[in-house]
Amino acid sequence: MNIADDSTAIIIGSGGGIGKALKQELFKENYYRKIICFSKTNDIQLDITDENAIMKVTNELKRKNIKINLLINAVGYLHDKNFFPEKKISEISNDYLINSFKLNSIGHALIIKYFNSLFSEKEKSFLVCLSARVGSISDNYLGGWYGYRASKAALNQIVRSASIELKRKKPNLVLASVHPGTVYTKLSKPFIKESKCFSTNESAKKILKTIYKLTKEDSGKFIDYQGKVIPY
Ligand SMILES: NC(=O)c1ccc[n+]([C@@H]2O[C@H](COP(=O)([O-])OP(=O)(O)OC[C@H]3O[C@@H](n4cnc5c(N)ncnc54)[C@H](OP(=O)(O)O)[C@@H]3O)[C@@H](O)[C@H]2O)c1
């Protein structure tokens, strides 16, 4: 890949299963001069639900004249000690829906809001949000998982709208929602068998390979780890 000498890659959510593997893979690739990692608990601390903190971080990057070539937001939420994804309508909870939208949709929207101005204007650059196939409305034949499905569908719509608006200002920027495959992590563990899914390293390699093949025409699309378009 041809990229500038001052090239920068950013991972947000670098403490998570896929985020950490993406960070390791980027260091292995050695394409970027700077790799900056944000996490709620490791690396540079950033809570993506805190708009003020995001603004401060991006002001600091601006002050340092950082130009981003790649940003992957690997933050996501499916369950915690209080909540599990809903199996039926009666399990819908105000608090779980709020958590899902805060982390899977609004936090990603805030990252796009504050980081988009930092992207390189000259070279092709990528802003990728990790989404999930279950966020596809037309592919929903099983039902359930109201909060996760709806918050990922909202994320895909946010990416789509931002891609249309930014086409004029940043014609070399490609935005995409990417489904990383079924990957064995803290997020997926309660629902899958390790033998039936990708390791975090396999997923990270596939995600990066897919991103580097994206063209300007792909901006706004929802795609899987193989580069195949997923219908919204
Ligand atoms: N695993 C799968 O099979 C699968 C399938 C489809 C889509 N995805 C998507 O892929 C992405 C990565 O998932 P994963 O499997 O790697 O999950 P994970 O291991 O649970 O990682 C989730 C990440 O989100 C971070 N996070 C949570 N709250 C945050 C906050 N307020 N601010 C900043 N970061 C926060 C966590 O940070 P800390 O560790 O610092 O708390 C962690 O790094 C998610 O968007 C997920 O929906 C995963």
Side-chain angles (χ1 to χ4, degrees), residues 10-25 36-58 71-85 96 98-112 114-115 127-136 139-140 142 145 147-156 158-159 176-208 210-211 222-226 228 230:
I10 293 193
I11 300 290
I12 299 178
S14 58
I18 300 172
K20 196 171 175 186
L22 282 165
K23 169 184 162 180
Q24 286 164 350
E25 201 52 38
I36 307 174
C37 297
F38 296 99
S39 160
K40 206 175 75 178
T41 45
N42 302 295
D43 297 317
I44 306 171
Q45 294 199 355
L46 181 65
D47 179 342
I48 72 158
T49 64
D50 182 347
E51 182 164 1
N52 217 17
I54 301 173
M55 192 171 65
K56 276 192 192 145
V57 155
T58 48
L71 181 152
I72 306 176
N73 188 348
V75 173
Y77 169 78
L78 177 61
H79 60 89
D80 58 24
K81 61 179 186 336
N82 299 315
F83 296 108
F84 241 54
Y96 179 67
I98 289 173
N99 289 347
S100 303
F101 277 87
K102 264 189 161 176
L103 285 161
N104 294 329
S105 338
I106 302 167
H108 283 252
L110 293 174
I111 293 296
I112 295 172
Y114 288 97
F115 278 81
L127 195 171
V128 169
C129 298
L130 292 192
S131 186
R133 188 182 297 279
V134 296
S136 165
D139 193 45
N140 180 1
L142 284 176
W145 289 34
Y148 191 67
R149 284 185 188 277
S151 57
K152 290 294 191 181
L155 168 63
N156 296 342
I158 288 161
V159 169
S177 306
V178 172
H179 167 63
T182 306
V183 189
Y184 198 68
T185 65
K186 200 170 83 189
L187 179 139
S188 60
K189 214 174 179 171
F191 313 98
I192 52 171
K193 283 204 179 92
E194 190 171 4
S195 57
K196 292 214 167 140
C197 48
F198 295 134
S199 69
T200 52
N201 288 346
E202 279 172 307
S203 171
K205 281 198 186 92
K206 285 177 197 290
I207 292 167
L208 288 170
T210 293
I211 293 173
F222 179 24
I223 51 167
D224 74 6
Y225 56 90
Q226 293 174 301
K228 288 195 185 132
I230 303 173

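Counting convention: from 1, in listed order, for ligands and their atoms alike. The first residue in the sequence is number 1, and the count goes up from there.
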Item to check | Pair Y225-T182, side-chain contact (heavy atoms from CB on, under 4.5 Å): steps then yes or no | outcome: CA-CA 10 Å; Y225 56 90; T182 306; over 6 Å; no
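- Taking any N or O of G16, backbone or side chain, at least one lies under 3.5 Å from an N or O belonging to ligand 1.
- In terms of heavy atoms, G13 sits closest to A74 at O-CB, 4.2 Å.
- Considering both main-chain and side-chain atoms, I18 comes within under 3.5 Å of ligand 1 through a nitrogen or oxygen pair.
- For atom 36 (C) of ligand 1, the nearest protein heavy atom lies 4.0 Å away or farther.
- Tested against I18 for a side-chain contact (heavy atoms from CB on, under 4.5 Å), the candidates L187, N201, T185 yield a single pass: T185.
- Any N or O atom pair closer than 3.5 Å counts here, and G13 shares at least one such pair with ligand 1.
- Between A132 and ligand 1, no N or O atom pair is found at a separation short of 3.5 Å.
- Scanning the protein heavy atoms around atom 5 (C) of ligand 1, the nearest turns out to be G181 O, 3.2 Å.
- Side chain of S188 to main chain of V183: a donor-acceptor pair is present (N/O by atom type, distance under 3.5 Å, no hydrogens or angles).
- In terms of protein heavy-atom proximity, atom 12 (C) of ligand 1 is nearest to A74 O, 3.1 Å.
- Of the heavy atoms in K152, only side-chain atoms (C-beta onward) come closer than 4.0 Å to ligand 1.
- Across the listed options S131, S203, G76, S131 owns the non-hydrogen atom lying nearest to atom 7 (C) of ligand 1.
- Of the heavy atoms in H179, only side-chain atoms (C-beta onward) come closer than 4.0 Å to ligand 1.
- For the 3.5 Å distance criterion, the side chains of H108 and N73 qualify, holding a donor opposite an acceptor.
- Defined by atom type and a distance below 3.5 Å, a donor-acceptor pair is present between the side-chain atoms of D47 and T49.
- Between H108 and ligand 1, no N or O atom pair is found at a separation short of 3.5 Å.
- The shortest N/O to N/O separation between P180 and ligand 1 does not fall below 3.5 Å.
- Residue D47 places at least one N or O, backbone or side chain, under 3.5 Å from an N or O of ligand 1.
- Looking at C129, A204, G17 and measuring to atom 19 (O) of ligand 1, the nearest heavy atom belongs to G17.
- For atom 28 (N) of ligand 1, the candidate residues are L187, L103, D43; the nearest heavy-atom contact is made by L103.
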Next on the checklist: One pair to check against side-chain contact (heavy atoms from CB on, under 4.5 Å): F101 and Y96. What are the steps and the verdict?
Outcome noted: CA-CA 9 Å; F101 277 87; Y96 179 67; over 6 Å; no
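- Looking from atom 14 (P) of ligand 1 to the surrounding protein, the closest heavy atom is T185 OG1, 3.6 Å.
- Residue nearest to atom 46 (C) of ligand 1, selected from Y148, F38, Y77: Y148 (by heavy-atom distance).
- In this structure, the protein non-hydrogen atom closest to atom 25 (C) of ligand 1 is V75 CG1, 4.0 Å.
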Checklist entry - Given the rule in the ring-ring contact (aromatic ring centres under 6.0 Å, His included) test, do Y148 and F84 qualify, once you have shown the distances and angles that lead to the verdict? => result CA-CA 10 Å; Y148 191 67; F84 241 54; over 10 Å; no
